[in-house]
Amino acid sequence: MSATPDQPPPLRIVRGDQARGGGDEPHPDRVQRPGLDGVIRNDWERSGTLRPGAERLATDAERAGVLEVRGDSELAERDPSDDVREIEGRIVDRPDTSIALRVAGRVARLPRSERLRLLGQALLREVWTTAQGGHSWAARAWDARTHGVYRRQIRALDAMGDRAALAEWLDRHNSHANDRARRAMDRPNIVVGILKILIIIVVVVPILLLLTSLLVWWTGGQFATVWIGAAAVLRFVFDVIDFMWHWVLPAVPCFLLVAMRREGRRRGITPAWLVPPSERSRDTSGEPITPSIVVTALRDLGLAELRKAIAKMGDAGAGMLSPIAIAGCGVEVDVSLPSGVSTDEVLKRRRKFAENLGRHEHEVFLTIPPQPRTVRVWAADSGALDEPIGPSPLVTDPDARSDYKSGRAPWGQDLRGDPVAISLFQRHVLCTGLSNQGKTAALRALALWLAKDPSVEFRIADLKGFGDWSMFDGLATVLIEGPTDEHVIAATEMLEQGVAEMERRIQAPAGTKFDPLLLIVDEAQVAFMCPEKDQTGRPYGGTKATSRYFRAVRKIHNQGRAVDVLLWQGTQDPTDQNLPKLVREGAHIRASLVVGTEEQARMALGDKAIDGGAAPHKLRQGLDKGVLVSNGEGLKLPPGQSSLTIRTHFVDGDEAADVADRAKAGRRGVRTLTAVETLEEERDLLADLDEVLEAERIKLSDATALLRELAPTWPAYASLTGAELARLLDAEGVRWTRTGNVMRLDPDDVRQALELREGE
């Protein structure tokens, strides 16, 4: 191939020995450029030959350029043993990597250096970290000056509507402000005290020196010796101050910068573009959990003792871990913490630990096994908990039967994917959680299973009234549906009828068998918040001992279990205002769906479950519907575990109606009373007293017992006391007497009042 005037000679890329013309000297017309792989010197498009292992050569007059190769696939298909390969390409200018700077009105170009870039990035990173440390100090000082911590908590609680916690934080804020005001008032006294001390020192020290000098002189010494020693001490003090002033004081800014940097590293966040590539953590979300990941997650929890202990371990912390075992849709591992690290410290950092593992907070659960100073970690596969668990056996197995005494109700699956069944025999139930999170469905699923046992009688009050329990029409003997005060009154009387039935069973002869009676109140907080009062002035709702609903609940909790009279309640907000402590603690099975705060979680499940790792307040509102945490009563728990997280089966309204229809087929016809029908019955107190009293005077407390025997299902008599009966008699104009502390009633007075009323 020959060159033309418009085109330089074709580029031939040959072996190194050919470039030297077969000898030791380089080719006279070409300059050897070793190491420029993919880079040649020319601006024209041209073709050339490439021999394997050859060096690229170009003339001195050609400018630097980059060869854009075409036909790579053809090159790859050629036989590697070929001595010559043909390539085609276009020679373009190498991109300019220099940095343009204007210096003294002139533009200077500096070569771009990767080392220079990393150095500038490191310098900027240190400045950023130090500035964040100063900002952290300023923010903390401002918070301390303006009570910022208290104000933020108060605003958050006010937005959440948690009035109890809001009142507590307001008290803390006022107490802190009062303490600060007292300290401010005490500052002048402190200054005066310091001045007094200085005056005493200035006056007393010379006097002591004078007396000491006189004593030395009296004993034969020199009078000036003491003063010379005092002057030497003063000179030493001044020398120290001079040294501090010239050397230590200038170093103070350096110490402050170092301290600010440490504060910034502890509290600040470095932007991703400032983090060096060697320290950038890659995305580990979704990766399998390995021992190294677990140890690294523990090391980075922010616990100094734990980090130091891991650093000192010869096996880099692997000895703390048990074998990682597959557990359902995740893995499980026990972590034996080193001395000086408590399980409580790890439990409080659950979210950080989960993120260190590459998981969301709701995908990692920490519990306390029987071994001391040990934390059991269960981590789900990424996204596994968002998958549905499948239909309930109540729906898939229409022929299934239930047994109140020995059976276990299918409730869902635990986090390991194992079926969860719960025993309901002689157990009161309390189910709590925020609105629209699956509370009613979880409680209803247990009742539907129990409905397949024909011996169980249901009395249900749904104080929400949206038809969630309407399928029990024909199963329950009482079904109250509605949120009004009238429905609360009916629900209260339903419980009082249950109390009367419980007392009748307790007084029955020994060995008498009774069928289970199950009382269910959904949205029980509506009953506690009811302001209505009865004719005697007793409130239906409220949390005091005078509340009829509260008293009925407490009586059933105290004695109902022994005679199979049980109470199940569902409520939204388990606070003292909506659900008194005695009512919460009276339930054997306590389950909680997602709640707003840890304080609510403790009220729902108790301190033992929360201290053991239960965390319903960590569930995701709206995303973890139907997921609840139970305190473990009636469940088969792993050894040492105090609670269990359950993904309950969801039985929708149509499926629930089908299950209820099958349960009705196994029962005789049940007539269901509504709220209106339960209120239609009326009784005459004086007529009932006339019927039960004989000729002799009787104690009012004995009269109430006779009234309950006469009408065991009448709610007004279920919890009637002697003092309340006395008020009712006063309203009817019936005289009663008191001897000492005993109130008595004469039957003649009752009959005389009846005659007067009939005469009118």
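Position 1 is the first residue of the sequence, and the numbers go up from there. Values below: every heavy atom of this structure, side chains too, minus hydrogens, waters and symmetry copies.
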Would you say [X]'s side chain and [Y]'s backbone share a donor-acceptor pair under 3.5 angstrom?
{"X": "S402", "Y": "D453", "result": "yes"}
{"X": "D397", "Y": "P393", "result": "no"}
{"X": "W411", "Y": "A442", "result": "yes"}

So, for [X] and [Y], which heavy atoms are closest and what is the spacing to 0.1 Å?
{"X": "Y404", "Y": "Q426", "value": "OH-N, 3.0 Å"}
{"X": "G467", "Y": "E481", "value": "CA-OE2, 3.8 Å"}
{"X": "G632", "Y": "L637", "value": "CA-CD1, 3.6 Å"}
{"X": "L479", "Y": "D473", "value": "CD2-N, 3.9 Å"}
{"X": "L754", "Y": "A687", "value": "CD2-N, 4.2 Å"}
{"X": "V478", "Y": "M494", "value": "CG1-SD, 4.0 Å"}

Distance check, rounded to the nearest 0.5 Å: [X] atom [atom1] versus [Y] atom [atom2]?
{"X": "E598", "Y": "H617", "atom1": "CD", "atom2": "NE2", "answer": "4.5 Å"}
{"X": "D414", "Y": "S630", "atom1": "CG", "atom2": "OG", "answer": "12.0 Å"}
{"X": "N631", "Y": "I610", "atom1": "CG", "atom2": "CD1", "answer": "10.0 Å"}
{"X": "I368", "Y": "L347", "atom1": "CD1", "atom2": "CG", "answer": "4.0 Å"}
{"X": "T704", "Y": "L728", "atom1": "OG1", "atom2": "CG", "answer": "11.5 Å"}
{"X": "R584", "Y": "L605", "atom1": "CZ", "atom2": "CG", "answer": "11.0 Å"}

Do [X] and [Y] have side-chain heavy atoms sitting under 4.5 Å apart?
{"X": "L475", "Y": "R667", "value": "yes"}
{"X": "R459", "Y": "L495", "value": "no"}
{"X": "Q600", "Y": "S592", "value": "no"}
{"X": "T543", "Y": "V583", "value": "no"}
{"X": "W736", "Y": "D749", "value": "no"}
{"X": "T575", "Y": "M603", "value": "yes"}
{"X": "W568", "Y": "L450", "value": "yes"}
{"X": "E585", "Y": "R590", "value": "yes"}

### Message
So if I apply the side-chain contact (heavy atoms from CB on, under 4.5 Å) rule between V659 and each of M471, K664, R444, K452, which one comes out positive?
### Response
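Among M471, K664, R444, K452, the one that satisfies the side-chain contact (heavy atoms from CB on, under 4.5 Å) with V659 is K452.
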
### Message
Please verify the inter-ring angle class for H428 with H557; under 30° counts as parallel, over 60° as perpendicular, anything in between as tilted.
### Response
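If you compare the ring of H428 with that of H557, the planes turn out tilted.
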
### Query
Does a donor on one side chain and an acceptor on the other come within less than 3.5 Å for Q525 and E523?
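Judged by distance alone, the side chains do pair up.
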
### Query
Distance only, no hydrogens: is a donor on one side chain within 3.5 Å (strictly under) of an acceptor on the other, for T737 and R697?
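Yes, a side-chain donor-acceptor pair sits under 3.5 Å.
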
#### Entry: Exceeds 12 heavy-atom contacts within 6.0 angstrom, atom CE of M529
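Result for CE/M529: open.
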
